[in-house]
Amino acid sequence: MKTGRLIVLTGPSGVGKGTLLRSLLKRHPELYFSISATTRAPRPDEIEGKHYYFVSRNQFEQMVEAGELLEWAEFAGNCYGTLRRQVEEQIQQGQWVILEIELEGARQIRQNFPSALQIFILPPSVSELENRIRGRGQDSEVAIARRLNHAQAEIAAASEFDIQIINDDLEKALNRIEAAIFTPASC
Ligand code: ADP
Ligand code: 5GP
């Protein structure tokens, strides 16, 4: 029987995590992407139940109190959390589950699932990160400023992670993520 596994993808907002993840899931549909809950409003192209479960702050607080979240954090004025049940069920069934989460959540997962593979995605530079957030064209000036503020602290924590990958050339970064996930660890 397959053994379930948890893989964590972290990196500053705008670095390209979502873009990399979409390509990774196309190449490897057997990987299970954990859809998070968030209090953030949906962006124009985002779909309920595909990108996130969009909930009110009240609903989010109830989920926290009921222990329904495996980890959660506040990021740039909104709450984000991983649904415990879907992840635990998938891992029990032997699936490889990917979480795309920010730094505080990744630290909580490290505490509770030390065997999770933790990957940190770095931008080629902070100015390129800003270009990408702006180029995405989906965040307000306030949201952009908050994201860039966070980015410095997140980048400083990159060495806490098992693997650091610079997302300069998309294809190369994707190949390195694939290698990190699918190459068996040697002893
Ligand atoms: P995140 O999920 O980390 O917030 P996104 O996947 O939304 O980031 O990417 C932010 C923007 O950067 C998008 O417009 C995306 O097309 C662009 N992008 C992602 N990877 C690269 C790359 N390697 N080179 C240039 N632009 C990229
Ligand atoms: P965005 O608003 O750009 O979709 O996401 C903002 C940040 O929240 C990103 O760094 C993203 O990885 C993170 N995030 C998304 N879902 C979760 C989650 O379930 N838990 C935590 N801790 N962070 C999340």
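Ligands are counted one by one from 1 in listed order, and the atoms in each one are counted from 1 as well.
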For [X], take its heavy atoms, then give the atoms of ligand 1 lying under 4.0 Å from any of them.
X: D168; result: 22 (C), 23 (N), 24 (N)
X: P12; result: 3 (O)
X: S13; result: 4 (O)
X: G18; result: 1 (P), 2 (O), 6 (O)

Could you check which of [options] puts a non-hydrogen atom nearest to [atom]?
atom: atom 12 (O) of ligand 1; options: R132, R22, E102; result: R132
atom: atom 9 (O) of ligand 1; options: V15, N131, T19; result: T19
atom: atom 4 (O) of ligand 1; options: R136, Q138, K17; result: R136
atom: atom 6 (C) of ligand 2; options: Y80, Y53, W72; result: Y80
atom: atom 22 (N) of ligand 2; options: H51, R136, E102, Q138; result: E102

Is it the case that the side chain of [X] and the backbone of [Y] share a donor-acceptor pair, with hydrogens and angles ignored and the cut-off at 3.5 Å?
X: K172; Y: I166; value: no
X: T38; Y: C79; value: yes
X: H150; Y: R146; value: no
X: R5; Y: I181; value: yes
X: E102; Y: E104; value: yes
X: Q111; Y: Q108; value: no

Does G14 have a heavy atom less than 4.0 Å from any atom of ligand 1?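 G14 counts as a contact of ligand 1 under the 4.0 Å cut-off.
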
Relative to the heavy atoms of [X], which atoms of ligand 2 are at a distance of less than 4.0 Å?
X: K17; value: 10 (O), 12 (O)
X: R40; value: 1 (P), 2 (O), 4 (O)
X: R147; value: 1 (P), 2 (O), 3 (O), 6 (C)
X: R43; value: 1 (P), 2 (O), 3 (O), 4 (O)
X: G81; value: 18 (C), 19 (O), 20 (N)
X: G105; value: 22 (N)
X: T82; value: 19 (O)

Just distances here: any N/O of G135 and N/O of ligand 1 closer than 3.5 Å? no

Contact check: N167 vs ligand 1, nitrogen or oxygen atoms, below 3.5 angstrom: yes

Strictly by modelled atom types, are [X] and [Y] linked by a side-chain donor-acceptor pair under 3.5 Å?
X: S127; Y: E130; answer: no
X: N112; Y: E71; answer: no
X: E178; Y: H28; answer: yes

Do the ring planes of F182 and W96 sit parallel (below 30°), tilted (30 to 60°) or perpendicular (above 60°)? parallel

In terms of residue, atom name and distance, what is the protein heavy atom nearest to [atom]?
atom: atom 11 (C) of ligand 2; answer: E100 OE2, 3.2 Å
atom: atom 8 (O) of ligand 1; answer: G16 N, 3.1 Å
atom: atom 19 (O) of ligand 2; answer: S36 OG, 2.6 Å
atom: atom 15 (C) of ligand 2; answer: Y52 OH, 3.2 Å

Interatomic spacing from OG1 in T19 to CZ in R136 - rounded to 0.5 Å: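 It is 8.0 Å, given to the nearest 0.5 Å.
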
Nearest-0.5 Å distance, CG of residue L83 to CD of residue Q86: 4.5 Å

Answer yes or no on whether R43 is positioned over the face of Y52, meaning its NZ or CZ is under 6.0 Å from the six-membered ring centre and within 45° of the axis.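 Relative to the ring axis of Y52, which defines the angle, R43 lies outside at least one limit.
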
Verdict with reasoning, I119 to T10, per side-chain contact (heavy atoms from CB on, under 4.5 Å): CA-CA 6 Å; I119 302 174; T10 301; over 6 Å; no

Please work out whether any backbone atom (N, CA, C, O) or any side-chain heavy atom from C-beta onward of E71 is under 4.0 Å from ligand 2, and answer side chain, backbone, both or neither.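 Under 4.0 Å from ligand 2, E71 contributes side-chain atoms alone.
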
